[in-house]
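Just below is one structure, and these are the notes that go with it.
Note that the numbering runs from 1 along the sequence shown for the chain.
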Amino acid sequence: MKFKLAAILIMVMALCACAKQEPLPLVVDPHPQIRVIFGNESVRNCFDITNAVVDTSSDLPRCIVRVVNLTQQRVPLEYKVVWEDQYGAPLLYTAAWQRTPVAETGEKTIVNMAKTPGAARATVTLRFPVDVQIWVPEPDPAQQTSY
């Protein structure tokens, strides 16, 4: 009886400890000039930022962000880097989503150089890949006309 009571008490304490954990923030600022946005809680629970720096040794700044995989499996990741000017307005170019796999408990270094000298801050957005099915109709041989 005492064993069962002790087991129940340990389970209740463990549940209370889990309930008190706050969710991780979806937006982090690991560096004064870098903001990282996690697409959702699942992405945030799978990845973390270990290091972030901005290299200003040349005319065009370069951001370097290290993303670590917290899971025990290989996970695909998409990221996009948008540079902003000193007032927080995005610079005039379209950033493309880049897809890369991240090894189990491994790291991926994201390196991106600004396209204009006025870049002051980078926003890195992380998400899981979104595959879109493109439907292309097959031609119907009965409706084809011969020339």
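Of all heavy-atom pairs between S57 and D55, the closest is OG-OD1, 2.9 Å. Across every non-hydrogen atom of P61 and A119, the tightest pair is CG-O, 3.5 Å. The two residues E78 and F128 have their closest heavy-atom pair at OE1-O, 4.2 Å.
Remark: of the listed residues V36, V27, I37, I37 is the sole one forming a side-chain contact (heavy atoms from CB on, under 4.5 Å) with T125.
Taking the side chain as every heavy atom from C-beta outward, C46 and L70 never approach each other to under 4.5 Å. With contacts defined as side-chain heavy-atom distances shorter than 4.5 Å, the pair L77/P101 does not qualify. With a 4.5 Å cut-off on side-chain heavy atoms, F47 and Y79 do not count as touching. With a 4.5 Å cut-off on side-chain heavy atoms, R66 and K108 do not count as touching. Under the 4.5 Å side-chain criterion, counting only non-hydrogen atoms from C-beta, V28 is in contact with F38. Side chains of D29 and R121 form a contact here, defined as non-hydrogen atoms less than 4.5 Å apart. By the 4.5 Å heavy-atom criterion applied to side chains, V81 and I110 are counted as neighbours. Annotation: side chain of V54 is in contact with side chain of H31 (closest heavy-atom distance under 4.5 Å).
A donor-acceptor contact shorter than 3.5 Å is absent between the side chain of D85 and the backbone of G118. With hydrogens and angles disregarded, no donor-acceptor distance shorter than 3.5 Å links the side chain of E84 to the backbone of T123.
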Please test D48 against V67 for side-chain contact (heavy atoms from CB on, under 4.5 Å), starting from the C-alpha separation and ending with a verdict. CA-CA 6 Å; D48 198 10; V67 180; over 6 Å; no

Is there a side-chain contact (heavy atoms from CB on, under 4.5 Å) between V53 and I64? Walk through the geometry before answering. CA-CA 5 Å; V53 295; I64 304 164; 3.8 Å; yes

Walk me through whether T105 and Q72 qualify under side-chain contact (heavy atoms from CB on, under 4.5 Å). CA-CA 6 Å; T105 64; Q72 297 296 323; 3.4 Å; yes

Trace of the side-chain contact (heavy atoms from CB on, under 4.5 Å) decision for T109 with V65: CA-CA 6 Å; T109 303; V65 177; over 6 Å; no

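In this structure, N112 CG and K80 NZ are separated by 12.0 Å, a value rounded to the nearest 0.5 Å. Atom CG of L24 sits about 4.5 Å away from atom CZ of R44, to the nearest 0.5 Å. Atom CD1 of I49 is separated from atom CG of L126 by 5.5 Å, given to the nearest 0.5 angstrom.
Remark: E41 CD is loosely packed, at most 12 non-hydrogen atoms of other residues, nucleotides or ligands lying under 6.0 Å away. Around the CZ atom of R62, the shell of radius 6.0 Å holds no more than 12 heavy atoms that belong to other residues, nucleotides or ligands.
Looking at D131 and R99, a side-chain N of the basic residue comes within less than 4.0 Å of a carboxylate O on the acidic one, giving a salt bridge. R74 has no carboxylate O lying under 4.0 Å from a charged side-chain N of E104, or vice versa, which leaves the two without a salt bridge.
Side-chain heavy atoms closer than 4.5 Å link hydrophobic residues (I, L, V, M, F, W, Y) into clusters, and following such links, even through other members, never connects V68 to I34.
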